[in-house]
Amino acid sequence: QVHLVESGGDSAQAGGSLRLSCAVSQLTADNYCMGWFRQAPGKEREPVANIGSDGETTYAFSVQGRFTISTDNTKNTLYLQMNNLKPEDAAMYYCAADVSDSWFRKCVWLSLEFGYWGQGTQVAVAS
């Protein structure tokens, strides 16, 4: 059972930066995908960025060039560096992990069908 806990959510001005962290435990699989997702009030949850156990990253078009997903060397922490924030980036941000046989497809195609989820951390952006 993979356990994920997000932190780092805060309020920022448009154009500013925030870094989200996700503490990951019990991730013992050799092949996996970890990702960040967000959900704004009244909207559906959407993928933001993924990183696979192979190191490959995939980004949603709306955040390309502004957000960077990364992990520490021990894969115990997942990060999302968010630069040049826009008001439309305001949302609850969730980290998630998937260790199923289809992890690669889910990673590349920015799937929402991840097996393990954190509780979320709130990001607000003032214009």
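This structure is a prediction, so every number in the text was calculated from the model and none was measured.
- The number of heavy-atom neighbours closer than 6.0 Å to CD of E44, taken from other residues, nucleotides and ligands shown, is 12 or below.
- In the displayed structure, E46 atom CD is contacted under 6.0 Å by more than 12 heavy atoms of other residues, nucleotides or ligands.
- The NZ atom of K43 sits 15.5 Å away from the CE atom of M92 when rounded to the nearest 0.5 Å.
- Distance check: F114 CZ to Y94 OH gives 15.5 Å after rounding to the nearest 0.5 Å.
- Results of the side chain to side chain contact (heavy atoms under 4.5 Å, CB included) test with V24 over T77, N76, V5, V2 single out V2 as the only residue that passes.
- To the nearest 0.5 Å, atom NZ of residue K106 and atom CG of residue L112 are 10.5 Å apart.
- A donor-acceptor pair under 3.5 Å is absent between the side-chain atoms of N84 and the main chain of R66, judged by distance alone.
- Under a 3.5 Å cut-off, the side chain of E6 and the backbone N or O of C95 do form a donor-acceptor pair.
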Side chain to side chain contact (heavy atoms under 4.5 Å, CB included) evaluation trace for N31 with F104: CA-CA 8 Å; N31 298 315; F104 182 79; over 6 Å; no

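- At a threshold of 4.5 Å between non-hydrogen side-chain atoms, the residues M34 and L27 count as touching.
- Taking 4.5 Å as the limit, every side-chain heavy atom of V123 sits out of range of all side-chain heavy atoms of D89.
- In this structure, S102 OG and E113 CD are separated by 7.5 Å, a value rounded to the nearest 0.5 Å.
- Annotation for Q122: atom CD counts as buried by contact number, over 12 foreign heavy atoms lying within 6.0 Å.
- In plain terms, the two heavy atoms of Y59 and Q64 that are nearest each other are O-NE2, 3.4 Å.
- Closest approach of T58 to C107, counting heavy atoms only: OG1-O, 3.5 Å.
- Side-chain N or O atoms of D98 include one that pairs as donor or acceptor with a backbone N or O of G115 at under 3.5 Å.
- In this structure, I69 CD1 and L78 CG are separated by 4.5 Å, a value rounded to the nearest 0.5 Å.
- With rounding to the nearest 0.5 Å, the separation of CD in Q26 from OH in Y116 is 10.5 Å.
- Pairing each heavy atom of S127 with each of P87, the nearest pair is CB-CG, 3.7 Å.
- A side chain to side chain contact (heavy atoms under 4.5 Å, CB included) with L80 is found for one member of I51, T68, L20, V63 and no other, namely L20.
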N83 vs S17, side chain to side chain contact (heavy atoms under 4.5 Å, CB included): CA-CA, chis, key distance, verdict: CA-CA 4 Å; N83 297 329; S17 299; 2.9 Å; yes

Criterion side chain to side chain contact (heavy atoms under 4.5 Å, CB included) on W103 and D54, from CA distance to verdict: CA-CA 11 Å; W103 70 271; D54 57 358; 4.2 Å; yes

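- Checked against a 6.0 Å centroid threshold, the rings of F37 and W117 count as neighbours.
- Residues A60 and P47 share a closest heavy-atom pair of CB-O, 3.5 Å.
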Y79 and D72: CA distance, side-chain angles, deciding distance, side chain to side chain contact (heavy atoms under 4.5 Å, CB included) verdict: CA-CA 8 Å; Y79 301 103; D72 65 1; 4.3 Å; yes

